[in-house]
Amino acid sequence: MPADPVSGAPPPGDLQLLSLTKRFGEFTAVDDLDLVVPAGSFFALLGPSGCGKTTTLRMVAGLEVPTTGEVRLGEQDITWAKPYKRPVNTVFQSYALFPHLTVYENVAFGLRRQGRKEVTEPVRDMLRLVELESFGARKPAQLSGGQQQRVALARALINQPQVLLLDEPLGALDLKLRRQMQIELKSIQGEVGTTFVHVTHDQEEAMTMADTIAVMHRGVIEQMGSPAELYESPRTTFVANFLGQSNLVPCAINGRDGGDLVIDAQGALVRMPAERAQVHQGKAWLGVRPEKIILGSPGEDLPGNSLGEARIVDVSFVGVSTQYLVRTSWGQELMAFEQNTGARPLMRAGDQVHVRFAGAHAFLLDHDQDARAGVDEDSAA
Amino acid sequence: MTSSAGAPSVAPELAPDGDASSPPRRRRSSAWFLLLPGALWLVAFFLTPMVQLVATSLYDPSGSEETGYAMTWAWGNYVDALDFYLEPFVRGFAYSAIATALCLVIGYPLAYAIAFKAGRWKNLMLVLVIAPFFTSFLVRTLAWKLILSDNGFVVGIAKTLGLIADDGRLLATGFAVVAGLTYNFLPFMVLPLYVSLEKIDHRLIEAAGDLYSSPAQGFRKVTLPLSMPGVVAGTLLTFIPSAGDFINAQLLGDTTTQMIGNVIESRFEVGDYPAAAALSVTLMVLIVAMVAIYIRRAGTEELL
């Protein structure tokens, strides 16, 4: 918990959403959502715009009333509590700083409304935490975007909420500042230990900061887990495409051989561990991340599964890596990223290559889903 | 520096002397040029009459339209004006202050409702606020004369409820004059209030709630301070014209409810131009002084 152990705040509890549903007329923004956010974690709700993540956040903040369901904080049911009676604070999208108040008064606002008379010390401590000690007398309009962002954070954190909600907090910042703030936010969270619930459409931001990510799509949670878990073992095509990029090859499952599944991928027989598959028979999507694809020269002997020969149709050199687009024998275009280690010469468009991958890096998804779900969504990749 | 994009081949130090600063200079002269029509207008229709008005206020008070007026620097006109007409001055300011306060009390909730609660009725409600302007100020004030007349339903109801005595009346009282002022200037209060309320980012009010403000505290600490420019503009637009108004007092009041506007008007009527001008200049100076103090107090200097 924060630096002030004498505040007498109740011990923090897990944030629980139980069958939470929100309808706006005919439109269901959040559909029967169940979610547990462990106390003290940095949790990200990730999804494209309109997926219901902000509505979910607003229901936790009390700014939106759920149609059905419950919001619980530890032992407490706060579903119907007024926003100003919840131990929850929000860092709003584009900050919503009070333009008529100084930075100091903005930060002191919550304490003053709670009837605290002596606010000098906590405000100074909080401004020090966000490195804005000398900016107390300024008005928000006199600060840069990054500084305003930090004031918004200080203004919320000073109240020592049990849960801090962050609604696209870095969306208005440029890329470089965003990177810097991501690191700062994470270290501040580590320092104060408050539960952070972070809503974002930026998959990289979510992966950088959060311990746990819940990927939301059309009002439901598609998958929840650690960043590595979601990236390495996506369970739906949406997650596979929204978090990073995926090659999805239509295939059929032939059968089982020990712990492995034997799969017919467009004529090539490949094997992969059965526990990495969401389906175990019939048609499926074989997923391989672009950096897990190994391009060998024809005849070169490499381990792993073979997807046969392919021809390079496009080469993009991006510094740390080279991105190849290859056309397979059955006409599908696959992405392959190769680190520029210098060990191998760059290949050129038109070259013939042998496409391989390790079965332990592949994943198998239900064929009934749209292979392009989540591809061109607004994730800032 | 000039924009080097235009002539990249010419190094700045090789360019002729004047070149480097010519675009800013051209911009400055075009700004003056754009000011010209407005400046000419102000000189012709504001400055000239002002000078004439001040000059008239210093003419010999014994002059008349037949004999003409002589410039005698008669500062005594001001002393006489205040001496004779102090009461209508005070009454005029008091009536306008009350009317302005009433406009604020009625107008703020109205503007708030239009800005935040009206939804799709917003435009219709705004039109309704402006609608009275489609008929003349005079006609509408005359209508109030009928509404408040001794045999009208308002007086009837007030008598039934015992709000006024059986032989009491509303017309020709200070009440009627203040009611008329309030009615006539209400739109001037509502519109600037609406504009400043409508501009408030709704998330600021949500943020106040999130930071432990009850709705009442949120209003006091966030909405009201942010709408202060509208409050100041609205009160000025109401107070200034009503302080000089004479129609309401003339149509709805009697000789005991005269405002300074009525006195100025009657002085002009009888051809006592020096007194009328001295009263006008005094009124103007007082209003400017009050407005300056008020704006300083309200902390909204940026309006000036």
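Reminder, nothing fancy here: chain letters follow the sequence lines and each chain counts from 1.
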* Evaluate the criterion salt bridge (charged side-chain N to carboxylate O under 4.0 Å, His left out) for residue pair Lys53(A) and Glu168(A); output intermediate values, then yes/no. => CA-CA 10 Å; Lys53(A) 56 191 194 301; Glu168(A) 301 268 9; 3.8 Å; yes
* Answer yes if the side chains of Thr200(A) and Asp202(A) hold a donor-acceptor pair under 3.5 Å, and no otherwise. => no
Toward chain B, the part of [X] with a non-hydrogen atom under 4.5 Å:
{"X": "Phe98(A)", "answer": "both"}
{"X": "Leu97(A)", "answer": "backbone"}
{"X": "Arg86(A)", "answer": "backbone"}

* Against chain A, label Asp210(B) side chain, backbone, both or neither, depending on which of its atoms sit under 4.5 Å from a heavy atom there. =>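 Both backbone and side chain.
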* Asked: Which bit of Glu206(B) is near chain A, if near means a heavy-atom gap under 4.5 Å: side chain, backbone, both or neither?
  ->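 When you check distances to chain A, atoms from both the backbone and side chain of Glu206(B) fall under 4.5 Å.
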* Asked: chain B: which of Val88(A), Asn89(A), Leu63(A) shares the most heavy-atom pairs with it under 4.5 Å?
  ->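 Most heavy-atom pairs under 4.5 Å with chain B: Asn89(A).
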* Which one of Ala152(A), Ala61(A), Gly110(A) has the most heavy-atom pairs closer than 4.5 Å to chain B? ->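 The answer is Gly110(A).
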* To do: Check whether any side-chain heavy atom of Thr182(B) lies under 4.5 Å from a side-chain heavy atom of Ile106(B), and answer yes or no.
  => yes
* To do: Mind ranking Val222(B), Leu226(B), Leu204(B) by heavy-atom pairs under 4.5 Å with chain A and telling me who comes out on top?
  => Leu204(B)
* Would you confirm whether the ring centroid of Phe133(B) sits within less than 6.0 angstrom of the ring centroid of Phe188(B)? => yes
* Hey, do the aromatic rings of Phe219(B) and Tyr108(B) have their centres closer than 6.0 Å? -> yes
* **Cation-aromatic face contact Arg150(A)/Phe135(A), 6.0 Å, 45 degrees** =>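 No, cation not above the ring by the 6.0 Å, 45° rule.
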